[in-house]
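Okay, so here's the structure we're looking at.
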2 protein chains.
Amino acid sequence: MASPSSDAEDLPLRPSSEAVPHDLIELLFFAYRDFVGDPDRILADYGFGRAHHRVLHFVQRRPGLTIAELLDILQITKQSLNRVLKELVEKGYIEQRTGRQDKRQRHLHTTPSGQDLALRLVRLQAKRINRALEGAAPETAAIAARYLAALIDAAERPKVERLLDKP
Amino acid sequence: MASPSSDAEDLPLRPSSEAVPHDLIELLFFAYRDFVGDPDRILADYGFGRAHHRVLHFVQRRPGLTIAELLDILQITKQSLNRVLKELVEKGYIEQRTGRQDKRQRHLHTTPSGQDLALRLVRLQAKRINRALEGAAPETAAIAARYLAALIDAAERPKVERLLDKP
DNA sequence: AATTTGGGTCAGCCTTATTGACATATCTCA
DNA sequence: TGAGATATGTCAATAAGGCTGACCCAAATT
């Protein structure tokens, strides 16, 4: 292999801006798939899907959330949100309360059964994460969190960090 | 708050098997979304979607892959695979070669334009990852990779590790 | 020769998302 | 007060990417 293209292989290290970390790319795909796979199986028993899970999760995490805030977190259209939200309300997992100050707003809350389901799902995901952290170096959780946060669009990051910080 | 439920808050640390790392749960959602968002925008120009990306990616990474091997990696049905694969072949991004030893098999390869597109996409994802690693501690890449691998189903992990190790 | 394996395909269905258009109630501000 | 902006809800059509089930063919294996 004396072709010009062999040059790259002979270099000690390419600048990090050109290196392609195939492992990190592919691991994110596999990890994410299995991570959401756990809840998916349970949700199917309720006739719910991944979209319902996201809504339930963030409503559980930020009780009193408005529709507009939820749309901003999920970054989907209100039509998409409305379908799953309506189902969650109809089946008694989420409750809408008209705003006191601003009566146009709907504040979202989980009902007791909504809380049960949300807790069940979050514990399942926590179990997978905690299992992954068990044998790992103690800094793993902090480093992984920082890494994942750094993957988020710079423009979105402050919003996400605000979301995670508060409660 | 002297109710029984306040006990948990007074404990110094719950056992890791019960703690719920909300940040790691939510960060994975946001990070994954933005991570796949980059390629999505480019793929739209070609009339392709995320599913095409996955196929193209793994064919590029493991030239000569058979249909069965690809199905095993992606964990979708052959009907689902076939639709996107057919489009990639018809549009000239992937080529199928009948196996020499076993003529039933189809070995998949990227064409020159397939390689161009795959490279363009992988560089885009690499850029996001490398940007995330830039300011981070030097162990970040290794720790993140170990963490993500540990999130994968134990049964799948050896297969994935084999996939990542080889080339 | 019979069976298994690798791959292809038809048909129908579901979920999650999109765009575009429009309706209603409420709030804000000049 | 009246006009316009805002928060939400809803109808209709479309697309992507999955699924199941039922078949088919050709080649390999036994």
Side-chain angles (χ1 to χ4, degrees), chain A residues 29 32-34 36-37 39-59 64-91 94-108, chain B residues 29 32-34 36-37 39-59 64-91 94-108:
Chain A
F29 164 63
Y32 186 79
R33 185 179 60 187
D34 289 350
V36 297
D40 280 359
R41 268 164 247 131
I42 290 183
L43 289 156
D45 296 340
Y46 292 75
F48 291 146
R50 215 169 279 182
H52 302 84
H53 183 197
R54 288 172 192 155
V55 170
L56 184 63
H57 175 94
F58 284 109
V59 170
L65 203 69
T66 66
I67 302 285
E69 288 164 345
L70 191 48
L71 286 175
D72 190 48
I73 290 173
L74 298 178
Q75 291 184 194
I76 55 176
T77 58
K78 67 177 171 180
Q79 295 90 323
S80 296
L81 171 58
N82 219 265
R83 179 181 46 83
V84 297
L85 180 56
K86 207 186 330 187
E87 289 169 0
L88 285 164
V89 170
E90 280 167 1
K91 293 191 183 172
I94 286 184
E95 202 178 84
Q96 317 202 28
R97 300 183 196 154
T98 298
R100 267 191 247 272
Q101 303 167 352
D102 190 333
K103 289 178 191 164
R104 292 171 303 178
Q105 295 183 330
R106 305 281 175 272
H107 295 275
L108 306 173
Chain B
F29 165 63
Y32 186 80
R33 185 179 60 187
D34 289 351
V36 298
D40 280 359
R41 269 164 247 132
I42 290 184
L43 289 156
D45 296 340
Y46 293 76
F48 292 146
R50 216 168 278 183
H52 302 85
H53 183 197
R54 288 172 190 155
V55 170
L56 185 64
H57 176 93
F58 285 108
V59 171
L65 204 69
T66 66
I67 303 285
E69 287 164 345
L70 191 48
L71 286 175
D72 190 48
I73 290 172
L74 299 178
Q75 290 185 193
I76 55 176
T77 59
K78 66 177 171 180
Q79 294 92 321
S80 296
L81 172 58
N82 219 266
R83 181 177 43 80
V84 296
L85 180 55
K86 208 187 329 190
E87 290 169 358
L88 284 163
V89 170
E90 280 166 2
K91 294 190 184 174
I94 285 184
E95 199 178 86
Q96 317 203 29
R97 300 182 195 155
T98 299
R100 268 191 247 272
Q101 302 168 353
D102 190 332
K103 289 178 192 164
R104 292 171 304 179
Q105 295 182 330
R106 304 280 176 271
H107 296 275
L108 306 173

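Source: prediction; values computed, not measured. To find a chain, count down the sequence lines: A is the first, B the second, and so on, and within it residues start at 1.
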Point to revise | Modelled atom types, side-chain donor and acceptor of B:Gln96 and B:His107, under 3.5 Å | key: no

Study note, to complete from the structure: To the nearest 0.5 Å, atom CZ of A:Phe48 lies from atom NZ of A:Lys91 at 4.5 Å

Practice item. Measure from CG on A:Asn82 to C1' on D:dA12 and round the result to the nearest Å. Key: 15 Å

Check nucleotides 14-17 of chain C against the protein and report each pair of N or O atoms closer than 3.5 Å, with its distance, or say if there are none.
unit_1, atom_1, unit_2, atom_2, d
C:dT16, OP1, A:Arg50, N, 2.8
C:dT16, OP1, A:Ala51, N, 3.3
C:dT16, OP2, A:Arg83, NH1, 3.4
C:dA17, OP1, A:Arg54, NH1, 2.7

Review point. What's the closest nucleotide to the B:Gln105 side chain, out of D:dA28, D:dA7, C:dG6?
Key: C:dG6

Check your understanding: Is there a donor and acceptor pair closer than 3.5 Å between the side chain of B:Lys78 and the base of C:dG6?
Key -> no

Practice item. Enter the distance from A:Asn82:CG to A:Gln79:CD here, rounded to the nearest 0.5 Å. Key: 8.0 Å

Review point. Going from CZ on A:Phe29 to CG on B:Leu74, what distance comes out if it is rounded to the nearest 0.5 angstrom?
Key: 5.5 Å

Point to revise | Value in whole Å for how far the C1' atom of C:dC27 lies from CZ of A:Arg100 | key: 18 Å

Revision key, fill the gap. Those residues at least two apart in sequence (or on a different chain) that pass salt bridge (Lys or Arg N to Asp or Glu O under 4.0 Å) with A:Arg100 are none

Point to revise | Atom pair CD1/CG of A:Ile67 and A:Leu108 - distance to nearest 0.5 Å | key: 4.5 Å

Exercise for review: Give, for atom CG of A:Leu70 and atom CG of A:Leu65, the distance between the pair rounded to the nearest 0.5 Å.
Suggested key: 5.0 Å

Check your understanding: Rounded to whole angstroms, how far apart are CD on B:Gln79 and C1' on C:dC10?
Key -> 10 Å

Check your understanding: Between B:Leu56 and B:Leu88, what is the shortest heavy-atom contact and its length?
Key -> N-CD1, 4.3 Å

**Study point:** Separation of C:dG6 P from B:Asp72 CG (nearest whole Å)
**Key:** 11 Å

Practice item. May I ask you to say what A:Glu69 touches in the nucleic acid, namely base, sugar-phosphate or nothing, with a heavy-atom cut-off under 4.0 Å? Key: nothing

Protein-nucleotides 3-5 of chain D N/O pairs closer than 3.5 Å?
none

